[in-house]
Amino acid sequence: MISRFFRPIKEGFYGVGRHAAMSISSASAVTITLLIISIFLIFSFNLQQFTKDVEQSVQIAVMIDYAYEEQSQMDKIGIDIGNIEGVNEVKFSSKEDEFQYYLDGFEDEAQKEVFEPFREDNPMHNAYYVSVEDGSNLKVVADQIAQIEGVDSIDYGGESAVVLVNALNSIRTGGGILAGALSLLAIFLIQNTIKLTIFARSDEIAIMRNVGAKNGFIRSPFLIEGIIIGILGSIIPIMLSVFGYIYLYRIMDGVIISKMFVMIPPHPFVLKIGGILLLIGMAVGLVGSFFSVNKYLRWKR
Amino acid sequence: MISRFFRPIKEGFYGVGRHAAMSISSASAVTITLLIISIFLIFSFNLQQFTKDVEQSVQIAVMIDYAYEEQSQMDKIGIDIGNIEGVNEVKFSSKEDEFQYYLDGFEDEAQKEVFEPFREDNPMHNAYYVSVEDGSNLKVVADQIAQIEGVDSIDYGGESAVVLVNALNSIRTGGGILAGALSLLAIFLIQNTIKLTIFARSDEIAIMRNVGAKNGFIRSPFLIEGIIIGILGSIIPIMLSVFGYIYLYRIMDGVIISKMFVMIPPHPFVLKIGGILLLIGMAVGLVGSFFSVNKYLRWKR
Amino acid sequence: MIELIHASKRYPNGVNALNDINLKIDQGEFVYIIGPTGSGKSTLIKLLDGEEIPSSGTVNVVGINVGKLRHSKVPLYRRNIGVVFQDYRLLPRKTVFENIAYALEVIGMRKDMIRLRVRQVMNLVGLDDKGNSFPSELSGGQQQRVAIARAIANKPKVLIADEPTGNLDPAMSDEIMALLQKINREEQTTIVMVTHDLPLVNKHKKRTIVLEEGHIVADLQQGGYVQHD
Amino acid sequence: MIELIHASKRYPNGVNALNDINLKIDQGEFVYIIGPTGSGKSTLIKLLDGEEIPSSGTVNVVGINVGKLRHSKVPLYRRNIGVVFQDYRLLPRKTVFENIAYALEVIGMRKDMIRLRVRQVMNLVGLDDKGNSFPSELSGGQQQRVAIARAIANKPKVLIADEPTGNLDPAMSDEIMALLQKINREEQTTIVMVTHDLPLVNKHKKRTIVLEEGHIVADLQQGGYVQHD
Ligand SMILES: Nc1ncnc2c1ncn2[C@@H]1O[C@H](COP(=O)(O)OP(=O)(O)OP(=O)(O)O)[C@@H](O)[C@H]1O
Ligand SMILES: Nc1ncnc2c1ncn2[C@@H]1O[C@H](COP(=O)(O)OP(=O)(O)OP(=O)(O)O)[C@@H](O)[C@H]1O
Ligand SMILES: [Mg+2]
Ligand SMILES: [Mg+2]
């Protein structure tokens, strides 16, 4: 029973060793395709992160008219805003908070002193800060809010914020499709390489059938071989991704081009990437072997 | 003599046909890697085009002071500008030209009439339009021009133009490196696949040596086989690139996101891409076969 | 035990390798199949092994209609028979020991039993010291003996041997013949042996079936064969 | 023509296949090499063919020191000799015709000449109708005859044959022997033939070299060999 379980594993390792040249070829095909996939993964995840950051950072500032400072009036405005479709979160900020926030903006204590007297005769508005579910309908939501009675003015960064969000979204979609397609191609490529490796051994498979080995018995060591090759092939991409990303993060200081694009911190992100690469490597090795062996099992009777 | 030349070609075609399964595998490895390369090529070329467009469109408008309207003075300014390092082209536009250009900006004839009287008492400046060699030192050049005696004012779109040019430049550099690296990996991958194909036939190579075939005699049909596989493998990527790009160009209306990014027109661009893909396919098939055969030629004595 | 009824084999390229073969071999028999090269001897063996399907007629072995077996059931059937192939068919990346052991692993034999049995058959064919060699490191005759050892390892009910002494010197051929006869006698194994070695056929007289151009031209129960040229 | 001086061959795994072989074969001789399986006969042939390098000593064939040949020069040397390999070594994806033609293409023979010569040798070995078959579609004996045909096609100065009749029936063996003797007689081709077929050796008496465990134990100029068991 135990030997039933261990035989394919032992045989799989033997197989890799005794076909060293072919195993290296297959593993390096895995390595290269995983490298490509890794670049796309890191790019996609970061892009997703950017988009989320940007969408969260663009919020609509709603200033309430001085004539609507009673609690009940303000509450009604808050509820009205919350009822608009597409609104994610509504946060209230009183005119006192706003004033304090304004003061906090100065670094110089002296300058704070200058504005201190205005605290009594506060020129700020009570405000709501509204974030939207989907950055791309920012403008629609903002326009609706502007209609509400008691809203003095709104500010949402205008057209430029909308354009940016839309651009990021379309890059993300396009990039995602591209990454998915390339990953599929890469997987097919590895499968293809493994098929060639097994093709070179179709004679062996036929001989195994000749001496009475059932298909499952023949297949299992090849599957283990495929997994081993997948693991071997993913070592270099994993190392490169992990250390490469950490290095990149360090020299880029965690941002790309400008502070707006904050990179995902390496920990635990690199572990996630490494894990995904390992899983892809193993799965593709397994699946690739499975289909290839099956093909050649039918080659002779 | 003629048979010397045709034998490898005939044998090469036979080889592809008689190892159909392996040939298909190798060719599909070529197909996939060329697809990946193709995407990068199209992306890179377009990016390069954008960057060039943007760099050309950002030019420094230099307005000449009313006090320096004598031809010799203006010539001197022109020469001074031309002497600044990094300046690409300097074009003079007289105040009359400028005025005409201003007038031409109006579509409405009536409005043109309104301004016509000003032609005599022309409020425009004589101007130089300066384009720079490298968009990234736009600001440096502009600052130097501003120092020249007789320059009234300059305009170059300010910081935003510099940021855009810099961003495009760094994307282009990064993308170029990435595309180059991926192409190299892809080429290695094809070579690897071909190696496996030939590995499965190392016995054949040994037998050929057994009956007295010189290495060159053995090698030549394999080289032709490699080229054929390269050509077969590049058919689909070429078709997809050509028709895909034409389609994309049509549905995108020739621009990406905004009018600023004008796509390269499909003709003759797609032919260039197709040619490059075909060349890569053939070259890699040839080189991959060459190294692989050489390796197995030494396998037995 | 083995029965061919109107069995014919025509290869896809049009060669009629066997024509209307009717043949019955009982359990425990030892039968030679002789005939000129290309007369269909190996094809007959491939029909018995299930490697080729008869174009018409029936092939029954140990009660199984071999030509009608499903692809996935063929290996199970093969555990009943041992075959020595004319081209040996050894696994190139396994040692001699592993090659023989593989035929026992497939039937799920225990590891220590396998070790014992492999040593035993390697000794029987005189290859005690070659256990760790790969097939490519063996002489032709040694490879042939590995193939014989593998075929008899799991004590099959039927042993089919395609020229098992083709690459052996006369002394070794005699040893192998003695071994096969012993198996035939002691284990009641049915043996079908293709051979060109007329001195051998005449020395150890057995039922002899003569093939020529795909037809059975003689079935000599008393054995022995005089060449008619 | 062929001269081995103190030639020994030890394989990397430690097997001493040949020990201190001294042997001289003159042009036009026909020599049998016999000996039990595993005695080093094929190894001797591999030394002559340049496939293996002697561990010590010298191997000279047609005036060339075969063991010292550069790798790239080995094929040129091989055009002087024809070899029938024990395992045939036919190109699996070429037809019988193409397999034989290949050995002529490599020496740059004209196409029509090739066609003529290939037909000729196919007829000599009795395979006229198998020109378009692939090796896998041939019987064992037919493959062996293709190997023989290929070896003699370019009329080599030396013909080396490793058990060329191992898979042939006695009648066909006699035919092949007659063919080899004719080549030996008419074209003065030196022939070295490894065989197990003692009846053959005794029927066509030639110089016979007996190998045992890597040593030459007899060199019978008058030929004929009586087995000592
Ligand atoms: N796979 C195949 N496809 C087509 N023809 C075949 C195939 N195998 C064998 N043949 C042909 O069938 C005939 C019988 O072949 P077979 O191998 O049965 O002969 P054999 O009696 O075993 O000969 P030998 O003694 O030379 O081994 C031959 O003419 C051979 O060419
Ligand atoms: N490539 C190799 N590596 C290691 N040992 C080898 C190799 N080839 C042959 N041998 C060993 O060398 C010895 C002689 O082998 P060889 O093939 O020369 O025998 P042979 O006389 O041709 O036998 P046969 O008649 O069986 O063909 C054998 O013991 C064999 O196992
Ligand atoms: Mg046969
Ligand atoms: Mg031998």
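Just so you know, these numbers use all the heavy atoms, side chains as well, and skip hydrogens, waters and symmetry mates. Proteins get letters first, then strands, A, B, ... in listed order; numbering begins at 1 in each.
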Give a yes or no on this: more than 12 heavy atoms of other residues, nucleotides or ligands lie within 6.0 Å of atom CD of Glu213(C).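 Incorrect, the count does not exceed 12.
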CG/Asn132(D): more than 12 non-hydrogen atoms of other groups inside 6.0 Å: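 Open.
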Select one option (side chain, backbone, both, neither) describing which atoms of Ser173(C) are under 4.5 Å from chain D's heavy atoms.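 When you check distances to chain D, no heavy atom of Ser173(C) falls under 4.5 Å.
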Residue part contacting chain D, namely of Gln142(C), when any heavy atom lies under 4.5 Å: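 Both backbone and side chain of Gln142(C) come within 4.5 Å of chain D.
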[X] versus chain C, heavy atoms under 4.5 Å apart: side chain, backbone, both or neither?
| X | answer |
| --- | --- |
| Lys130(D) | side chain |
| Thr165(D) | neither |
| Pro36(D) | both |
| Thr37(D) | both |
| Asn167(D) | both |

Return the minimal non-hydrogen interatomic distance between Glu163(D) and Gly166(C), and the atom names on each side.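 The answer is OE1-O, 4.0 Å.
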Of all the heavy-atom pairs spanning Gly35(C) and Asp169(D), show the shortest one and how long it is.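 Closest heavy-atom pair between Gly35(C) and Asp169(D): O-CB, 4.2 Å.
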Using a 4.5 angstrom heavy-atom cutoff, name the option from Pro199(D), Gly140(D), Ala17(D) with the most pairs to chain C.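 Top count of heavy-atom pairs under 4.5 Å with chain C: Gly140(D).
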